[in-house]
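One structure below.
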2 protein chains.
Amino acid sequence: MSSFRHAMLTLLAREPLSGYDMKQQMNSRMGPFWKAGSNQIYPELVKMEEEGLVELEVVQQHDYRPARKVYSITESGRQELKRWTMERAEPETIRDEFLLKAYNLWLADPETMMLRLEEKKKEHEEKLRIYLDKVSELNGLLDPSNPQDPILSSLSVVEFGIEYEKLYMKWCSDLASKLKNRQ
Amino acid sequence: MSSFRHAMLTLLAREPLSGYDMKQQMNSRMGPFWKAGSNQIYPELVKMEEEGLVELEVVQQHDYRPARKVYSITESGRQELKRWTMERAEPETIRDEFLLKAYNLWLADPETMMLRLEEKKKEHEEKLRIYLDKVSELNGLLDPSNPQDPILSSLSVVEFGIEYEKLYMKWCSDLASKLKNRQ
DNA sequence: TACTTCATGTAAGGAGTTACATGATTTT
DNA sequence: AAAATCATGTAACTCCTTACATGAAGTA
């Protein structure tokens, strides 16, 4: 059920990782598509190992450091991920705090809201930049002879992100100029 | 802190409502921008009344029905909503289950995924239709002489929704045709 | 000197979902 | 005859966030 554990399987289907690595990847590679804290990751990995979805190899490091616990997906985990991937996804709710604030634009000071729109636009401009860099990076890693290269799937998702950021930026600009004309 | 109670104040800033009305509006008027269940709404309204953000008028109805509890925003509630609206909003995470599934496209059956993409596209086509209807409805309610009409803010948010649905549909089509060409 | 990185985790609490309960009336 | 509508709520549970804890090494 929970898509959090499927997000973890998603990462492990591509390469073995430690819990620490997964946290890093969720907050960078998967970009802001999925995030998680260590409190969710570590206990969930223990459960997933008990259920045979992943397996564990403990790698010793320097003495002063906790051993790295590197998890790999099992055949059963891969099957489960494939099954879940092909299942219908429920419709999502956007639930964006800034949009909720925009719904209250009429009762706020126009000058402040102009500022907020500019800040938001810059924030999404920055995300766009990151995604564009990621596309170049992924294109470099792409194996053009393999039509089932996971990189192709990564690219599709990042491309969604790029269009989304562009849309958000345009919406901010348009709304800001409407606000200006209203004054 | 919690934006759930601000979502409720957002609705009450426009008109007095019962908890039941709010649930309806969150699942229609605010469209899929914010959702909530009765378990969240009723206890939160009690707290908000204690804190003086809203006030309550009990309206008797037929005997066989529970009395309608109609809540209005207070001056203090309106101030708080205004303050919150003008505050910076934190960056959001998209967290869309279907995008996560698309990230796993490489390990799934192309035929099934083509079907899923078509279904998703239809789902967003339906949402787009609803938003377009809402725009017509809102344009009818608009008072062109009032530059601070709340309807203008509603329109901006719905317009975001429209562009978002169009983007989603286009992404589904594009990905489906890439999948086709790969086969 | 202070902050960040690596690498594991725990604790506490708030946010959100799904299901249940009441009960006459109205619609299918 | 069955289901939806109005209108309130409660219970149980999962999901998610924030903060805390360890502790040496490397970087600013």
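We name chains A, B, ... by the order of the sequence lines, and we start the count at 1 in each one. Side chains are part of it too, since the values below use all heavy atoms of this structure and drop only hydrogens, waters and symmetry mates. Just so you know, these numbers come straight off a predicted model, no measurement behind them.
Looking at the side chain of A:Arg95, the nearest of the listed nucleotides D:dA7, C:dT8, C:dG16 is C:dG16. Residue B:Asn39 places its side chain closer to D:dA11 than to any other of D:dC6, D:dA11, D:dA7. Closest to the side chain of B:Lys69, out of C:dA12, C:dC6, D:dG9, is D:dG9. Considering only the side chain of A:Tyr20, C:dA7 comes nearest among C:dA7, C:dT10, D:dC6. Listed nucleotides C:dG16, D:dA7, C:dA7 differ in distance to B:Gln40; the shortest reach to its side chain belongs to C:dG16.
One interatomic measurement links the two molecules: CD of A:Glu44 to P of C:dG9, which rounds to 14 Å at whole-angstrom precision. Protein atom NE2 of A:His6 is 15 Å distant from nucleotide atom C1' of D:dC15, rounded to whole Å. One interatomic measurement links the two molecules: OH of A:Tyr42 to P of C:dC6, which rounds to 11 Å at whole-angstrom precision. Atom P of nucleotide C:dC6 and atom CG of A:Asp21 are separated by 9 Å, given to the nearest angstrom. Residue B:Asn27 contributes atom CG, which lies 15 Å from atom C1' of D:dT5 at whole-angstrom precision. Going from atom CD1 of B:Ile41 over to atom P of D:dA7 covers 14 Å, rounded to whole Å. Whole-Å rounding puts the A:Leu45 CG to C:dG9 C1' distance at 12 Å. Between the CD atom of A:Gln25 and the P atom of C:dA7 there is a distance of 14 Å, rounded to whole Å.
Neither OP1 nor OP2 of C:dC6 sits under 4.0 Å from any side-chain N or O of A:Arg65. Checking the phosphate oxygens (OP1, OP2) of D:dA7, a side-chain nitrogen or oxygen of B:Gln61 falls inside 4.0 Å. For B:Ser38, no side-chain nitrogen or oxygen approaches OP1 or OP2 of D:dT10 to under 4.0 Å.
Using a 4.0 Å cut-off between charged nitrogen and carboxylate oxygen, B:Arg88 and A:Glu97 do not count as a salt-bridge pair. Ion pairing between a basic and an acidic side chain is recognised when a charged N comes within 4.0 Å of a carboxylate O; A:Glu119 and A:Arg116 show such pairing. Ion pair A:Asp174/A:Lys170 flagged as a salt bridge, since at least one NZ, NE, NH1 or NH2 atom sits closer than 4.0 Å to an Asp/Glu carboxylate oxygen.
Within the nucleic acid shown, B:Ala36 has no heavy atom closer than 4.0 Å to any nucleic acid atom.
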Pair B:Asp96, B:Tyr168 - check side-chain hydrogen bond (donor to acceptor under 3.5 Å, both in side chains), show working. CA-CA 11 Å; B:Asp96 179 308; B:Tyr168 217 119; 3.0 Å; yes

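Annotation: side chain of A:Tyr42 is in contact with side chain of A:Tyr20 (closest heavy-atom distance under 4.5 Å).
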